[in-house]
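The next block holds one structure in the form of structure tokens; read it before the comments.
Atoms within a ligand are numbered from 1 in the order they appear, just like the ligands themselves. This is a predicted model, so every value here is computed, not measured.
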Amino acid sequence: MKKPVIDLGECSLCDICVALCPEVFIKNSAGYIEVAECLAGASESDIIDAINSCRGDCISWDETTETEGV
Ligand code: SF4
């Protein structure tokens, strides 16, 4: 499964991605959004929902990354 990446420079920390797909999008202790290391159990359609709902339009697919387990 491809992995999403976040352009933190455009991220407004609105938390929509965390609300829609908490298995993948995590707010770290510094207050920034990061993508979980392991995407096992994540739903691609939930990730797509988050991409489409992102206010900053700052989530995209990392085409260079393939993860296993999904
Ligand atoms: S939905 Fe987009 S703008 Fe909002 S916290 Fe997630 S990455 Fe940032």
Side-chain angles (χ1 to χ4, degrees):
M1 182 176 177
K2 294 176 294 186
K3 200 166 185 175
V5 289
I6 300 169
D7 179 353
L8 288 176
E10 299 296 326
C11 174
S12 62
L13 302 174
C14 69
D15 286 353
I16 286 176
C17 56
V18 179
L20 290 174
C21 194
E23 301 86 0
V24 173
F25 301 100
I26 298 164
K27 188 171 251 185
N28 65 24
S29 57
Y32 294 104
I33 308 297
E34 62 183 35
V35 174
E37 284 293 318
C38 175
L39 300 189
S43 156
E44 186 164 332
S45 67
D46 285 350
I47 297 173
I48 291 170
D49 277 350
I51 289 173
N52 291 336
S53 301
C54 173
R55 291 189 180 167
D57 197 22
C58 53
I59 308 172
S60 58
W61 292 111
D62 181 352
E63 303 291 345
T64 66
T65 305
E66 287 284 337
T67 59
E68 295 183 13
V70 179

Heavy-atom check, side chain of V35 versus side chain of I6, under 4.5 Å: yes
Proximal ligand 1 atoms for G56, defined as those under 4.0 Å from one of its heavy atoms: 3 (S)
Candidates D15, I59, D46 - the one meeting side-chain contact (heavy atoms from CB on, under 4.5 Å) with F25: I59
Beyond-backbone contact of I51 with W61, side-chain heavy atoms, under 4.5 angstrom: yes
Backbone N/O of E37 and side chain of K3: donor-acceptor pair under 3.5 Å: yes
Heavy-atom nearest neighbour in the protein, as seen from atom 4 (Fe) of ligand 1, with distance rounded to 0.1 Å: C14 SG, 2.3 Å
Where ligand 1 meets C58 - atom numbers and elements under 4.0 angstrom, heavy-atom basis: 2 (Fe), 3 (S), 7 (S)
Candidate with minimal heavy-atom separation from atom 8 (Fe) of ligand 1, of C11, P4, A19, S12: C11
Protein heavy-atom partner closest to atom 6 (Fe) of ligand 1 - residue, atom, separation in Å: C17 SG, 2.3 Å
Heavy-atom nearest neighbour in the protein, as seen from atom 2 (Fe) of ligand 1, with distance rounded to 0.1 Å: C54 SG, 2.3 Å
Heavy-atom neighbours of D57 CG exceed 12 at 6.0 Å: no
Ligand-residue contact atoms, ligand 1 with I59, heavy atoms, under 4.0 Å: 7 (S)
Least distance between heavy atoms, L13 atom then G31 atom: CD2-O, 3.4 Å
